There are 2 protein chains.
Amino acid sequence: MTSYGNGNGRGNERGKGDGNVGGVNLPALRGHNAALVLDLLRSAGEAGISRLELAERTGLTPQAVSKITARLRAEGLAAEAGRRASTGGKPRTVLRLVPEAGHAVGLHLDRDALTAVLVDLTGAVVAERRAPLAFAEGADAVVDAAAGAVRGLLGAGPRGMVPPGVGVALPGPLDHARGVLRRVTGFPAWDGFPLRDALAARLGLPVAVDKDTNAAALGMALAGAAESFAYLHLGTGLGAGLVLGGSLHRGARTGAGEFGHQVLRLDGPPCACGDRGCVEALCLAAVAAGDLAEAARVLGTAAGNLVGLLDIDRVLLGGRTVFAAGDLFVRGVGAVVAERVRRGGGAEVSVAPAPGGERAVAEGAAQLILAPLFGRAPQPFGTLGD
Amino acid sequence: MTSYGNGNGRGNERGKGDGNVGGVNLPALRGHNAALVLDLLRSAGEAGISRLELAERTGLTPQAVSKITARLRAEGLAAEAGRRASTGGKPRTVLRLVPEAGHAVGLHLDRDALTAVLVDLTGAVVAERRAPLAFAEGADAVVDAAAGAVRGLLGAGPRGMVPPGVGVALPGPLDHARGVLRRVTGFPAWDGFPLRDALAARLGLPVAVDKDTNAAALGMALAGAAESFAYLHLGTGLGAGLVLGGSLHRGARTGAGEFGHQVLRLDGPPCACGDRGCVEALCLAAVAAGDLAEAARVLGTAAGNLVGLLDIDRVLLGGRTVFAAGDLFVRGVGAVVAERVRRGGGAEVSVAPAPGGERAVAEGAAQLILAPLFGRAPQPFGTLGD
DNA sequence: TGCACTTTGGCAACACCGTTGCTTAAGTGG
DNA sequence: CCACTTAAGCAACGGTGTTGCCAAAGTGCA
């Protein structure tokens, strides 16, 4: 695959916090429109999409789309793939993303295990590695293990393939912009560890770091889950990833999605966080007591709060505790949310199990690298019109 | 004032829901950069800003800024206003927004009163009207009153001034995109009333409609309140307006900001909405009981939930109940939020009274019209870089 | 089979965007 | 008074999407 990124690299490189507000020059414009087309090709999947459909969807003229797709084909990112049936004239030529044109590695670091995946440009998993992990052994040991997994994975990929980067997802508060960990509960040694730079130096590849729930939500967003949704993860803790209007909401300090310590029962039982009546405490207490229906009701009420506050379309449930209980959580949460939406008179909100299963976080981590190519991550431009 | 909007009007007009994802052509690019410069001029206020500062802030070259500002000056939107002190060479020429180059009307319809303001391009109030109102008298009567207020206001403005539009803010769920009311609590006759089109037809002016809390939050965002903040309004009810990453978050159905019916005490006392333990019920009950400290604690806990979930920088408190209690709410909410942020290890979150007082909603409503000129409302483009 | 018609998509010329290179304007400081 | 510095405009340029036109590749009717 050839050069990604903003055209020839002129213009609009931006330092952090220098107050640049986003002036757009021609190379940036070209990059944006190309990313847009690439994203439409991606979401069209194997079915493909024709030049004229691209023109309709983007609002550009067919001729502009022809130029853009010609460049993408020259770069090897897109290819023609058959034709549609004629509707009385020349049949439309179908274009498709070339999956092998690019790859990325997604790394999911959890307290006790590591999952690494190699995905192609469409996000499909090409190879996978799992290994035990121990946060307790300290940062160096974990970086070692991660680097080893990535190297192994790259060996499994196509010959000569150079992935554009490695996306890493892990629990706990961290700084996505700088790639620095803030606190990993129970492992104070990790505090302030510059994971991104450490891993990037070790691998010689660009690295992006994000919270596990954010990565999972990003992956689901790119898989077309919904325009706006929340991914709720119930495992050893309770967290959330928020996608609002098509893009991941991290907040200024990557702190968004702190869902578990929402106070749901004012002056309720104490939580490990020091507050009282947090959803996480209530929900996990119910799970521990074997009352899964109550756990689902608690989670559903908190989800209802979130749905009402943000006006989202969908709630996706994941995490070991959820998957272990079959559809009990989905139905329980769904019932509470539906009741609330009914009272509020809003449109229906679907509650569903999160797609991707246990691998969702690692796949989402890979999308930390791929998403920018499709104009989806720091959203080089927003949506026009309206 | 001359033509606003996207350059010559070619390209990228976008129907609703046609799936247009935001392709950008040259006129749109020009419009975006012009809006960006205009926004910087606006936020610079009377102090003004030089061409080179504009270039630094936008990331464009000085020459591009010169061209853009030349066009803005030719259109009468900007003007030179003195020079800065020299730093060893030619002193910078200061540019300023011309306030009289454009106006907008903001209309705040409340259950019992109407507030209308005429603002200039900087958002400063030029004229104001207040009148009693009765939602109970039905839609036609309210439209009559609103149209009368707007006409009166336009008479008070500069001679020959034609405002580009009227922004209307009112309580209750509604559809911002279509300008249709959904439910006005206690006034079923309003259900489904197409307020935007009715008022636009009556006035012969474009009209935009939004929730009162959204309008207020938009106004504060443009006034530079913060990148991300929540405006909490405690009056006869409890609502919120959310600004995330510089732009107003409405949700797909203008339903975001449903803050009052967040469940804060699971299985708590029943609320009028049919649920139990809603913040609004708890908070207003405490107010009714004269226990304002408890009301502030309840509100603070709910605000803390919101701060944690969205990772916002600031909480602004407004509404009659808040203003009536002096700084009691600000301090009470501030204490709870600060404690929570301290535990979470996040950056400090400021809690402050909302600026603008009782007129904030009407001023924000006017910004529904002005904000698009500065690229701030449906954010024609997002932020580049990073 | 042939021909009119429809639809797709490329080629060439074009208008216009921001950029580059250079010049002029307007100050400071020795 | 003059060298130096900084700001801002003019002219030429590369490259964007657009427009006008034409070739390609089908359908459908005579």
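The sequence lines fix the lettering, A, B, ..., with proteins before strands; numbering per chain opens at 1. Everything quoted here is computed from the prediction, not taken from an experiment.
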Minimum side-chain heavy-atom gap Leu97(A)-Leu38(A) below 4.5 Å: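 Result yes, sub-4.5 Å side-chain heavy-atom pair found.
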
May I have the distance from [X] (atom [atom1]) to [N] (atom [atom2]), rounded to whole angstrom?
X	N	atom1	atom2	answer
His32(B)	dG18(C)	NE2	P	10 Å
Leu54(A)	dT8(C)	CG	C1'	14 Å
Leu95(B)	dA8(D)	CG	C1'	11 Å
Leu29(A)	dT18(D)	CG	C1'	13 Å
Leu60(B)	dT20(C)	CG	C1'	15 Å
Glu53(A)	dT7(C)	CD	C1'	14 Å

Below 3.5 Å is the cut-off: list the nitrogen or oxygen pairs between protein and nucleotides 27-30 of chain C, distance only.
from: dG27(C); atom 1: OP1; to: Arg83(B); atom 2: NH1; distance (Å): 3.0
from: dG27(C); atom 1: N2; to: Gly88(B); atom 2: O; distance (Å): 2.9

Sugar-phosphate, base or nothing in reach of Leu26(A), heavy atoms under 4.0 Å: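 Base, at least one base heavy atom under 4.0 Å.
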
Sugar-phosphate, base or nothing in reach of Ser50(A), heavy atoms under 4.0 Å: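 No contact at all - Ser50(A) keeps every heavy atom at 4.0 Å or more from the nucleic acid.
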
Under 4.0 Å: is that the gap between some side-chain N or O of [X] and OP1 or OP2 of [N]?
X	N	value
Asn33(A)	dT16(D)	no
Asn25(A)	dC17(C)	no
Arg30(B)	dT16(D)	no
Arg51(A)	dG10(C)	yes
Thr61(A)	dT19(D)	no

Nucleic acid contacts - residues 63-73 of chain B versus DNA chain C, non-hydrogen atoms under 4.0 Å: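 Gln63(B), Ala64(B), Lys67(B), Ile68(B), Arg71(B) - these, ordered by number, are the residues of the stretch whose heavy atoms sit under 4.0 Å from the strand.
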
If the condition is side-chain contact (heavy atoms from CB on, under 4.5 Å), which residues does [X] pass it with, not counting sequence neighbours?
X	result
Ala44(A)	Ile49(A)
Ala225(A)	Met220(A), Phe229(A), Arg314(A), Leu316(A)
Ala200(B)	Val207(B)
Pro99(B)	Arg96(B), Asp120(B), Thr122(B)

For Asp210(A), all residues meeting side chain to side chain donor-acceptor pair (under 3.5 Å), sequence neighbours excluded: Asn214(A), Arg250(A)

Partners passing side chain to side chain donor-acceptor pair (under 3.5 Å) against Arg92(B) (at least two apart in sequence or in another chain):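 Partners of Arg92(B) under the side chain to side chain donor-acceptor pair (under 3.5 Å) test: none.
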
Leu52(B), nearest nucleotide to its side chain (from dA7(D), dT8(C), dG18(C)):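 Out of dA7(D), dT8(C), dG18(C), the nucleotide with an atom closest to Leu52(B)'s side chain is dA7(D).
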
Gap separating the CG atom of Leu370(A) from the CG atom of Leu218(A), nearest 0.5 angstrom: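 Spacing of CG (Leu370(A)) from CG (Leu218(A)) equals 9.5 Å.
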
Identify all side-chain donor-acceptor contacts of residues 77-84 of chain A below 3.5 Å with residues at least two apart in sequence or on another chain.
from: Glu80(A); atom 1: OE2; to: Arg51(A); atom 2: NH2; distance (Å): 3.0
from: Glu80(A); atom 1: OE2; to: Arg73(A); atom 2: NH1; distance (Å): 3.3
from: Arg84(A); atom 1: NH2; to: Glu53(A); atom 2: OE1; distance (Å): 2.7

